[in-house]
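Here is the structure we will look at.
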Amino acid sequence: MKVYADFAATTNVAPDVVSVITSVLSDHYGNASSIHSIGRDGRSVLDQARSKIAKHLNATPREIIFTSGATESNNLAIKGVAYQNQHKGMHLITSSIEHHSVLHVFHQLEKEGFEVTYLSVDDKGFISLDELRNALREDTILVSVMFGNNEVGSLQPIEEIAEVVSNHQAIFHTDGVQTIGHLPIDVKALKVDLFTVTAHKFYGPKGVGLLYIKDKTPIQFQQLGGSQETKRRAGTENIAYIAGMSKAMEIASDNIEQSNIQLTHLKQIFINALQNLDIPFELNGDMNLTLPHIINLYFPFSDVEKMLTILDMNGVCVSSGSACTAGSIEPSHVLTAMYGDHPRTKQSIRFSFSHQNTEEEVIYIAEQIKKIYEMNRKE
Ligand SMILES: *Cc1c(COP(=O)(O)O)cnc(C)c1O
């Protein structure tokens with residue numbers, strides 16, 4: 001049996017999304033910047049996708065900038081705000097559990113002379129609003145805190161964070177990648193200034209994403225060249241993938257409730273199966289305030305390399321935290337932020353499910369873990 005349970009790393013592309021992409025690739029190939037009819041046709045597909053996406057997020061079309069994915073969106077948000085606002089202050093705030101496409105940008109900015117405060121998290125993976133309040137200074141220009149964590153699933157109180165930041169000059173960015181398809185996203189209600197999205201985490205293609213930039217947010221655009229994206233992100237737009245992302249977002253938004261019910265059920269079946277098989281495990285994170293598709297478990301009997309290898313040999317595709325740290329013996333920075341120097345930072349696995357997974361599949365995963373547990377007991 002082959003079981004894919006690594007949907008937080010990437011998803012397959014939904015068949016309806018593939019249809020949209022192939023039709024645009026072959027039938028609407030115009031360059032959106034060309035003024036002739038074929039170009040205008042491409043432009044029209046691009047404009048429609050932008051309008052639909054904006055509507056799903058409750059943004060205006062002008063507030064959506066298409067990018068090559070979340071890594072670019074996060075780089076643009078953080079560097080763009082830092083460089084554009086450095087005359088107002090050089091202090092930045094983020095959390096210690098961000099994706100590397102956020103953390104590594106802050107590390108770079110520190111080398112360039114900015115000062116960064118990394119907010120801590122508790123053992124469930126939540127930041128503290130009090131710590132944020134205390135960290136905010138007169139010279140703080142940016143706060144970047146992710147919405148749903150990709151390793152443990154913890155959901156930060158984005159509206160409350162926005163409320164705290166709203167009395168302040170700082171601009172608020174959130175990496176919302178993992179929330180699309182699981183939470184209804186209304187950027188106006190969330191009161192964020194910048195919101196990062198990437199298509200391949202919700203059954204769209206890889207290499208396309210967007211940054212929501214609230215109107216009038218002071219930001220320095222990073223990609224120079226032609227006048228695409230109203231001169232804010234140069235480069236010929238990937239219209240086929242953008243249209244695919246729009247379709248994927250439509251499907252994701254329409255199915256949030258149903259998919260979350262199914263995911264919560266699958267998670268419960270998985271936990272029940274582990275318990276019924278007498279496998280020792282502990283949850284990393286919180287069972288309630290969490291993304292429904294992610295569950296991160298500590299197995300106090302095997303190191304993660306060995307487990308992932310055996311699971312893979314038995315057809316189970318899962319990972320240890322972020323894909324970026326998988327394959328290396330580095331403990332997860334997220335688990336380290338939650339638990340310090342504890343064996344569980346090296347003995348934990350992230351399972352991330354989809355509505356496509358079945359009960360039979362999650363029980364199969366539990367059975368393979370049981371085999372590993374038995375093997376380790378005999379050693
Ligand atoms: C996957 C992921 C990213 C990176 O997205 P890319 O489109 O692959 O660059 C960023 N942040 C989070 C939370 C993610 O899960």
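Numbering starts at 1 and runs along the sequence shown.
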**Report entry** Short side-chain to backbone donor-acceptor contact, Ser73 and Leu210, under 3.5 Å
**Finding:** yes

Report task. Kindly determine whether Tyr373 and Gln368 satisfy side-chain hydrogen bond (donor to acceptor under 3.5 Å, both in side chains), including the steps that lead there. Result -> CA-CA 9 Å; Tyr373 177 49; Gln368 303 316 304; over 6 Å; no

Query raised in the report: Under the side-chain hydrogen bond (donor to acceptor under 3.5 Å, both in side chains) criterion, do Glu131 and Ser120 qualify, and how do the steps go?
Result: CA-CA 8 Å; Glu131 193 184 342; Ser120 67; 2.7 Å; yes

Query raised in the report: Is it true that atom NZ of Lys55 has more than 12 heavy atoms of other residues, nucleotides or ligands lying nearer than 6.0 Å?
Result: no

Query raised in the report: Name the one of Lys216, Lys188, Lys214 that satisfies salt bridge (Lys or Arg N to Asp or Glu O under 4.0 Å) with Glu63?
Result: Lys188

Query raised in the report: Within the side chain of Ser44, is there an N or O that forms a donor-acceptor pair under 3.5 Å with the backbone of Arg40?
Result: no

**Report entry** Sequence-distant partners of Asp286, salt bridge (charged side-chain N to carboxylate O under 4.0 Å, His left out), two or more places apart
**Finding:** Lys124

Requested in this report: Report yes or no: does Thr11 contribute a side-chain atom to a donor-acceptor pair with the main-chain N or O of Tyr203 at less than 3.5 Å?
Outcome: yes

Report task. May I have the step-by-step check of side-chain hydrogen bond (donor to acceptor under 3.5 Å, both in side chains) for Glu151 and His99, ending in yes or no? Result -> CA-CA 9 Å; Glu151 292 194 31; His99 189 268; over 6 Å; no

Query raised in the report: Can you tell if the side chain of Tyr83 reaches within under 4.5 Å of the side chain of Glu112, non-hydrogen atoms only?
Result: yes

Query raised in the report: Nearest 0.5 Å, what's the OG-CD1 distance between Ser246 and Ile239?
Result: 13.0 Å

Requested in this report: Please confirm whether the backbone N or O of Val145 pairs with a side-chain atom of Thr174, one donor and one acceptor, at under 3.5 Å?
Outcome: yes

Query raised in the report: Cut-off 3.5 Å, side chains only: do Arg232 and Thr230 have a donor facing an acceptor?
Result: yes

Requested in this report: Ignoring hydrogens and angles, tell me if any N or O in the side chain of Glu163 forms a donor-acceptor pair with the backbone of Glu159 under 3.5 Å.
Outcome: no

Query raised in the report: Is the backbone N or O of Leu136 less than 3.5 Å from a side-chain atom of Thr140, with the two atoms forming a donor-acceptor pair by type?
Result: no

Query raised in the report: Is Glu115 paired with Arg137 through a side-chain N to carboxylate O contact shorter than 4.0 Å?
Result: yes

Query - Pairwise side-chain contact, Pro184 with Ile256, heavy-atom cut-off 4.5 Å (strictly under) - result: yes

Query raised in the report: If every non-hydrogen atom of Val105 is compared with every non-hydrogen atom of Asn75, which pair is closest and at what distance?
Result: CG2-OD1, 3.4 Å

Query - Main-chain N/O of Gln258 paired with Asn255 side-chain donor or acceptor, under 3.5 Å - result: no

Query raised in the report: Got Phe281 and Ile271 here, is their nearest side-chain heavy-atom distance under 4.5 Å?
Result: yes

Requested in this report: Would you tell me whether Ser259 and His182 have side-chain atoms, one donor and one acceptor, within less than 3.5 Å of each other?
Outcome: no

Query raised in the report: Regarding His200 and Thr10, is there a side-chain donor-to-acceptor distance under 3.5 Å anywhere?
Result: yes

Report task. Locate the shortest heavy-atom distance separating Ser348 from Asn284; write the atom from each residue and the value. Result -> OG-ND2, 2.9 Å

Requested in this report: State whether the side chain of Glu237 and the backbone N or O of Leu46 hold a donor-acceptor pair below 3.5 Å, judged by distance alone.
Outcome: no

Query raised in the report: Do Thr336 and Thr345 pass the side-chain hydrogen bond (donor to acceptor under 3.5 Å, both in side chains) test, and can you show the C-alpha distance, the side-chain angles, and the key distance before you say yes or no?
Result: CA-CA 6 Å; Thr336 302; Thr345 61; 4.5 Å; no

Query raised in the report: Hey, is Lys306 close enough to Asp303 for a salt bridge, meaning N to O under 4.0 Å?
Result: no

**Report entry** Closest non-hydrogen atom pair between Gly181 and Asn260, with its separation
**Finding:** O-OD1, 4.2 Å

Requested in this report: Indicate the ring-plane relationship of Tyr118 and Phe106, choosing parallel, tilted or perpendicular according to the 30° and 60° boundaries.
Outcome: perpendicular

Query - Distance-only side-chain donor-acceptor flag, Gln356 / Asn12, under 3.5 Å - result: yes

Query raised in the report: Do Tyr364 and Glu359 have side-chain N/O donor and acceptor atoms under 3.5 Å apart?
Result: no

Query raised in the report: How long is the span from the NE2 atom in His107 to the OG1 atom in Thr94, to the nearest 0.5 Å?
Result: 9.0 Å

**Report entry** Exercise: do Gln48 and Ser51 side chains pair donor with acceptor under 3.5 Å
**Finding:** no

Query raised in the report: Would you call Lys371 and Glu374 a salt bridge, using N to O less than 4.0 angstrom?
Result: no

Query raised in the report: Should we say atom CG of Asp130 is surrounded by more than 12 heavy atoms from elsewhere, each under 6.0 Å from it?
Result: yes

Report task. Examine the side chains of Thr196 and Asp175 and answer whether a donor and an acceptor come within less than 3.5 Å of each other. Result -> no

Query raised in the report: With a 4.0 Å cut-off, would you call Glu367 and Lys370 a salt bridge?
Result: no

Report task. For the residue pair Phe353 and Phe351, categorise the inter-ring angle as parallel (less than 30°), tilted (30 to 60°) or perpendicular (more than 60°). Result -> parallel

Requested in this report: Report yes or no: do Lys191 and Ser166 form a side-chain donor-acceptor pair below 3.5 Å?
Outcome: no

Report task. Could you verify whether a donor N or O on one side chain and an acceptor N or O on the other, from His91 and Glu138, lie under 3.5 Å apart? Result -> no

Query - Whether His342 and Tyr298 hold their rings parallel, tilted or perpendicular, with breakpoints at 30° and 60° - result: perpendicular

Requested in this report: Might you point out which heavy atoms bring Phe301 and Ile369 nearest each other, and give the distance in Å?
Outcome: CZ-CG2, 4.0 Å

**Report entry** Ion pair Glu305/Lys346, N-O distance below 4.0 Å
**Finding:** no

Requested in this report: Answer yes or no: is there a side-chain heavy-atom contact under 4.5 Å between Phe195 and Ile180?
Outcome: yes

Query raised in the report: Parallel, tilted or perpendicular: which fits the ring planes of His100 and His104, with parallel below 30° and perpendicular above 60°?
Result: parallel

Query raised in the report: Can any side-chain N or O of Asn238 pair as donor or acceptor with the backbone N or O of Val208 at less than 3.5 Å?
Result: no

Requested in this report: Would you please name every residue forming a side-chain contact (heavy atoms from CB on, under 4.5 Å) with Asp41, sequence neighbours left out?
Outcome: His28

